[in-house]
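In what follows, residues are counted from 1 in the order of the sequence shown. Whatever order the structure lists them in is the order used to number ligands and atoms, beginning at 1.
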Amino acid sequence: MLKQYEKINILGIKFSKLTNQQLLQQLTLDLQQKQRRFIVTANPEIVLYARKHPEYASVLRKADLITADGIGIVIGSNLLKNPLPERVTGFDTLKKLLKIAENQQKSVYFLGAKTDVLKAALKNIQQEYPNLPIAGYHDGYFKSADSIAQTIQQQKPDIVLVALGFPKQENFIDQYSIGSHGIWMGVGGSFDVIAGKVKRAPVFWQQHHLEWCYRLIQEPSRLPRMLALPKYLLLILGQKFKLLK
Ligand code: UDP
């Protein structure tokens with residue numbers, strides 16, 4: 001059963017007001033009850049993309065829960081005077097889900113990233129979670145999504161982590177998770193981080209909400225993507241202004 005969390009509308013995307021702990025409680029219950037769940041962890045870039053692409057926005061509307069992956073979303077909720085409690089990131093959720101899965105012997109399917117990245121990530125995951133049941137895996141550069149989806153369905157995994165980046169990962173989940181149980185979550189570049197190809201910001205940077213800056217230093221090619229942030233904040237002010245009128 002999905003608890004009815006209060007929602008806040010940020011530029012047309014409805015984020016659930018929940019903490020990391022509440023999400024994990026919900027997902028633990030879903031695993032026990034063999035529910036299907038579609039989880040999106042969204043950042044400002046995703047919100048802006050959905051504004052421009054109505055078909056993606058309608059896919060996001062089908063998600064069970066949308067959480068704040070980036071600090072920009074939490075800032076947006078504060079500006080709108082309807083604060084989200086905290087960031088609930090795909091990466092943190094993934095790590096905690098793997099621990100739960102190992103403890104409860106729930107199986108996980110890993111889809112996405114380049115072959116060498118995926119293999120390196122799986123090696124590190126097996127070291128950190130030696131008793132984790134791995135239902136299967138496939139890199140994210142496949143020809144036929146249909147046949148990958150068929151393989152996943154045959155394995156009947158309890159958790160499917162889809163690391164194809166947006167919008168591919170949410171589109172894949174929307175199209176192929178119907179009719180199967182399991183927690184399906186898009187996890188973006190998380191396998192690259194687990195593989196050690198991309199470093200996650202040290203805790204200090206995370207706590208001071210500078211993770212985006214750390215990432216930019218590591219991958220300067222992301223600059224054009226990050227320029228979306230000022231635009232996003234201006235649009236939030238626009239939404240706020242309309243609310244005040
Ligand atoms: N990716 C993939 N197949 C594709 C496109 C991307 O598997 O067709 C992978 C890519 O290798 C990377 C992840 O998806 O591992 C996207 O990472 P990115 O950092 O862009 O995602 P973000 O965390 O920003 O959503």
Can you list the residues that meet the salt bridge (charged side-chain N to carboxylate O under 4.0 Å, His left out) rule with Arg200, with sequence neighbours excluded?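 With neighbours one apart ignored, the set is Asp92, Glu211.
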Check whether the ring centres of Phe166 and Tyr49 lie less than 6.0 Å apart, and answer yes or no.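 Here the rings of Tyr49 and Phe166 have centres that are less than 6.0 Å from each other.
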Aromatic contact, Trp205 with Tyr214 (centres under 6.0 Å):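 Ring-ring flag for Trp205/Tyr214: true, centres closer than 6.0 Å.
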About how many Å separate CG of Leu237 and CD of Gln239, when rounded to the nearest 0.5 Å?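 The CD atom of Gln239 sits 10.0 Å away from the CG atom of Leu237.
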With the criterion set at N/O pairs under 3.5 Å, what does the list of contacts between the protein and ligand 1 look like, atom names and distances included?
from	atom 1	to	atom 2	distance (Å)
ligand 1	1 (N)	Tyr141	OH	3.2
ligand 1	3 (N)	Gly140	O	2.8
ligand 1	7 (O)	Ala113	N	2.8
ligand 1	7 (O)	Ala163	O	3.4
ligand 1	8 (O)	Lys168	NZ	2.5
ligand 1	11 (O)	Tyr141	OH	2.8
ligand 1	14 (O)	Ala163	O	3.1
ligand 1	14 (O)	Gly165	N	3.4
ligand 1	15 (O)	Asp192	OD1	2.5
ligand 1	19 (O)	Arg215	NH2	3.1
ligand 1	19 (O)	Arg222	NH1	3.3
ligand 1	20 (O)	Arg225	NH1	3.3
ligand 1	21 (O)	Gly189	N	3.4
ligand 1	23 (O)	Gly189	N	2.9
ligand 1	24 (O)	Arg222	NH2	2.9
ligand 1	24 (O)	Arg225	NH2	2.9

Please determine if Glu128 and Lys95 form a salt bridge, counting it only when a charged side-chain N lies under 4.0 Å from a carboxylate O.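 Salt bridge: yes.
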Close side-chain approach of Leu111 and Tyr137, heavy atoms under 4.5 Å: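 No, too far: nothing below the 4.5 Å cut-off.
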